[in-house]
Amino acid sequence: MPVTCVIGTQWGDEGKGKIIDLIASRADVVVRYQGGANAGHTVRVGGEQFIFHLIPSGILHGKINVIGNGMVVDPAQLLAEIGECSARGVAVEGNLFVSSLAHLVMPYHKALDRISEGRRGGTALGTTGRGIGPAYADRATRSGIRVAELFHAEHFAARVRANVEEKNRIIAALGGAEQLDAAAIADEYLGHAARLRPFVTDTVRLLRRALAAGRYVFVEGAQGMLLDVDFGTYPFVTSSNSSTFGVAAGSGLPARRIDEVMGVTKCYTTRVGQGPFPTEEAGEVGERLRRAGGEFGATTGRPRRCGWLDGVALRYAVDLLSCDSIALTKVDVLTGFDEIKVCTAYQHDGEILREFPTDPVVMSACRPVYDALPGWTEDTRGARHFADLPRRCREYIDHIESLLGRPVGLVSVGPDRDETIYRYR
Ligand code: GDP
Ligand code: IMO
Ligand code: MG
């Protein structure tokens, strides 16, 4: 059976949660491989809404859901999500497995996230404040604490003591007012340990056994290609490989078994936090997209920056991801615009660029060159077949297909499960 990756092709919030939930009905296993509670994946079922930050979006189907070794896990957040799911009748125990190798997000990571953002002032990244960068930094410098260590109380308390002693010095040197209490942190985390224990396992072995047994594994990306720490718009990115390049390392799945990639693409562009965004519409168009699309962060509630589809960035993303197909979301949001624009090139310093510039200084100074397509007025939320869509909407989708050279296999026309058009099944 194939391993299918479902990955965002833009700056996150493309609607990955909805798509994963839809296709999870066909999956045996859903695995997240990177990121942490910076993600906010929304699933709507019959008007009921779930927002997952750490738990994979396949949990509603009672499939095996894995928090992979490449993730950074905030135990209190995870327990809150487990509690919320259970309270709403979603079976979690027996369906959720947390890698013993995943790294813990500690209170000092969140403190350092806040402090470093504050120190950046006008050049702040606009992080989610969930401690993601500092947690991955500790992983790289080998002072991170992994989930497995929670189950050795003395060892854990000693690791926390050593880390807190160091972080308190850093915080003080950076002018931060707060000083953390190692004993209180160790107590809190060891208190979580007993509740987490039933979920923790060797997920690498679990996944490889599932593959060997012919199970269908879906990989759920968080963030998006353009937020990837290596290939995104660095430094305005997250701290993990949120593209397909992180899948093997963050899950233990063999790279050569990753055989299908579905890129989730919103039919316009949004971005939360700072960083270059050539097609951003700061005025009325942006406001209209934000209102019609409900573009407010699922994790932080921040208004998302909005603009037209950036075909240059998108071509770069789908090529790097090697997307086999595109799931195009939020098509209903474009109803009522007289004209819909698609950026097909950038203008920079008197030159036309057709390729995405990887130089951040160049990228920041790029201006969009647009194709303008006629809009449509019909509501599309009731469409269930491609032919139900207004002609101009179909032309817009055809335009995206030819721009990207990939088929749009799924079209989403509303947040709910059934507001979906499957084109090639
Ligand atoms: P994710 O991070 O990629 O999972 O996306 P988010 O959940 O952060 O943001 C997507 C938002 O759009 C959520 O509120 C979804 O319920 C909503 N959504 C998803 N698909 C559609 C769609 O086709 N139309 C509309 N109007 N909303 C959608
Ligand atoms: P999902 O999975 C959109 C952005 C933050 C910030 C940058 C770094 O819901 O698509 P971090 O807290 O990761 O250090 O912040 O990345 N960011 C996201 N933007 N969707 C997300 O997740 C994001 N996760 C992080 O806004 O610009
Ligand atoms: Mg989101």
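Basis for what follows: all heavy atoms, side chains included, without hydrogens, waters or symmetry-related copies. Counting starts at 1 for both ligands and their atoms, following the listed order. All values derive from a computational prediction rather than experimental measurement.
- The closest donor-acceptor contact from the side chain of D324 to the backbone of V261 lies under 3.5 Å.
- For the residue pair T238 and S240, no side-chain donor N or O sits within less than 3.5 Å of a side-chain acceptor on the partner.
- Side-chain contact between K167 and L112 is present, with heavy atoms from C-beta onward closer than 4.5 Å.
- The A39 neighbourhood of ligand 2 comprises atoms 1 (P), 2 (O), 9 (O), 22 (O), with distances under 4.0 Å to a heavy atom of that residue.
- Annotation: E14 places no N or O atom under 3.5 Å from an N or O atom of ligand 2; distance criterion only.
- Residue contacts with ligand 1, taken as heavy atom pairs separated by less than 4.0 Å, do not involve I51 at all.
- Between the side chains of Q223 and N38, at least one donor N or O lies within less than 3.5 Å of an accepting N or O.
- Of all heavy-atom pairs between S322 and R406, the closest is C-NH1, 3.8 Å.
- Taking every heavy atom of L125 and a limit of under 4.0 angstrom, the matching atoms of ligand 2 come to 27 (O).
- Defined by atom type and a distance below 3.5 Å, a donor-acceptor pair is present between the side-chain atoms of R302 and T300.
- Ligand 1 has a nitrogen or oxygen under 3.5 angstrom from a nitrogen or oxygen of G15.
- Ligand 2 has no N or O atom lying under 3.5 Å from any N or O atom of T127, backbone or side chain.
- Between G12 and ligand 1 there is no heavy-atom distance shorter than 4.0 Å.
- Put simply, the side chain of V217 reaches to within 4.5 Å of the side chain of L253, judged on heavy atoms.
- By the 4.0 Å heavy-atom criterion, T299 is excluded from the residues contacting ligand 2.
- Looking at ligand 1, you won't find any N or O of V333 less than 3.5 Å from one of its N or O atoms.
- Annotation: atom 25 (C) of ligand 2 to nearest protein heavy atom, Q223 CG, 3.7 Å.
- Any N or O atom pair closer than 3.5 Å counts here, and N38 shares at least one such pair with ligand 2.
- Here the side chains of R114 and E178 are in contact, with some heavy-atom distance below 4.5 Å.
- Less than 4.0 angstrom separates some heavy atom of K18 from each of these atoms of ligand 1: 20 (N).
- Interface of H41 with ligand 1, defined as ligand atoms under 4.0 Å from a residue heavy atom, comprises 1 (P), 2 (O), 4 (O), 7 (O).
- Each of the following atoms of ligand 2 lies closer than 4.0 Å to a heavy atom of K16: 1 (P), 2 (O), 10 (O).
- Counting only non-hydrogen atoms, the option in L227, V264, V272 that gets closest to atom 18 (C) of ligand 2 is L227.
- Here D332 has side-chain heavy atoms under 4.0 Å from ligand 1, and that is the only part of it that gets that close.
- In terms of polar-atom proximity, defined here as any N/O pair under 3.5 Å, K16 does make such a contact with ligand 1.
- A donor-acceptor pair shorter than 3.5 Å can be found between the side chains of T233 and R271.
- We find that E419 and R44 are not joined by a salt bridge, their nearest charged nitrogen and carboxylate oxygen being 4.0 Å or further apart.
- A salt bridge does not link D13 to K266: none of the charged nitrogens lies less than 4.0 Å from a carboxylate oxygen.
- Residues Y346 and D310 bring a donor and an acceptor atom of their side chains to less than 3.5 Å of each other.
- Of all atoms in ligand 1, listed by their number and element, those nearer than 4.0 Å to a heavy atom of G40 are 1 (P), 2 (O), 4 (O), 6 (P), 7 (O), 8 (O).
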Side chain to side chain donor-acceptor pair (under 3.5 Å) assessment of Y268 paired with E295 | CA-CA 11 Å; Y268 50 94; E295 296 296 354; 2.5 Å; yes

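- When only interatomic distances are considered, the shortest N/O to N/O separation between R302 and ligand 2 falls below 3.5 Å.
- Close approach of ligand 2 to A222 (heavy-atom distance below 4.0 Å) involves ligand atoms 2 (O).
- Interface atoms of ligand 2 facing W11, defined by a heavy-atom separation under 4.0 Å, are 3 (C), 19 (N).
- With distances taken over non-hydrogen atoms, the option nearest atom 5 (C) of ligand 2 out of G221, G273, G126 is G126.
- Atom 7 (O) of ligand 1 has its closest protein heavy atom at T42 OG1, 2.5 Å.
- Residue contact annotation: G294 has no non-hydrogen atom under 4.0 Å from ligand 1.
- Using a 4.5 Å heavy-atom cutoff, the side chains of R290 and T270 are not in contact.
- Contact atoms of ligand 2 toward D13: 1 (P), 3 (C), 9 (O), 10 (O), 20 (N) (distance under 4.0 Å to a heavy atom of the residue).
- The contact set between ligand 1 and S412, taken as ligand atoms under 4.0 Å from a residue heavy atom, comprises 20 (N), 21 (C), 22 (C), 23 (O).
- Looking only at heavy atoms of the protein, atom 8 (C) of ligand 2 is closest to V237 O, 3.4 Å.
- A donor-acceptor contact shorter than 3.5 Å links the side chain of R384 to the backbone of D418.
- In this structure, F156 and Y189 have parallel ring planes: the angle between them is below the 30° cut-off, well short of the 60° mark.
- Polar contact with ligand 1: present for R304 (N/O pair, distance under 3.5 Å).
- Seen from the Mg ion (ligand 3), atom OD1 on D13 and atom O on G40 lie at an angle near 170° (rounded to 10 degrees).
- Summary of contacts: the protein heavy atom closest to atom 11 (C) of ligand 1 is K330 NZ, 3.5 Å.
- A side-chain donor from one of H109 and D138 sits under 3.5 Å from a side-chain acceptor of the other.
- In this structure, the side chains of Y316 and E355 stay at 4.5 Å or more apart for every pair of heavy atoms.
- Each of the following atoms of ligand 2 lies closer than 4.0 Å to a heavy atom of H41: 1 (P), 2 (O), 9 (O).
- Contacts with ligand 1 closer than 4.0 Å are made by no heavy atom of Q10, backbone or side chain.
- Distances shorter than 4.0 angstrom do not occur between any heavy atom of R271 and any atom of ligand 2.
- You'll find the side chain of I340 reaches within 4.5 Å of the side chain of W376, heavy atoms only.
- Not a single heavy atom of H53 sits less than 4.0 Å from an atom of ligand 1.
- Between K18 and T420, the side chains place a donor N or O and an acceptor N or O closer than 3.5 Å (distance only, hydrogens not considered).
- Each of the following atoms of ligand 1 lies closer than 4.0 Å to a heavy atom of G17: 4 (O).
- Contact analysis puts G40 in contact with ligand 2, with a non-hydrogen atom separation below 4.0 angstrom.
- Between T238 and ligand 2, a contact under 3.5 Å exists for at least one N or O pair.
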Step-by-step side chain to side chain donor-acceptor pair (under 3.5 Å) determination, T358 to Y234 = CA-CA 9 Å; T358 47; Y234 191 91; over 6 Å; no

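- When side chains are defined from C-beta on, L353 does not count as touching V312, because their heavy atoms never get closer than 4.5 Å.
- Heavy-atom proximity to G12, at under 4.0 Å, picks out these atoms of ligand 2: 3 (C), 10 (O), 20 (N).
- The nearest heavy-atom contact from the protein to atom 12 (O) of ligand 2 is T128 OG1, 2.6 Å.
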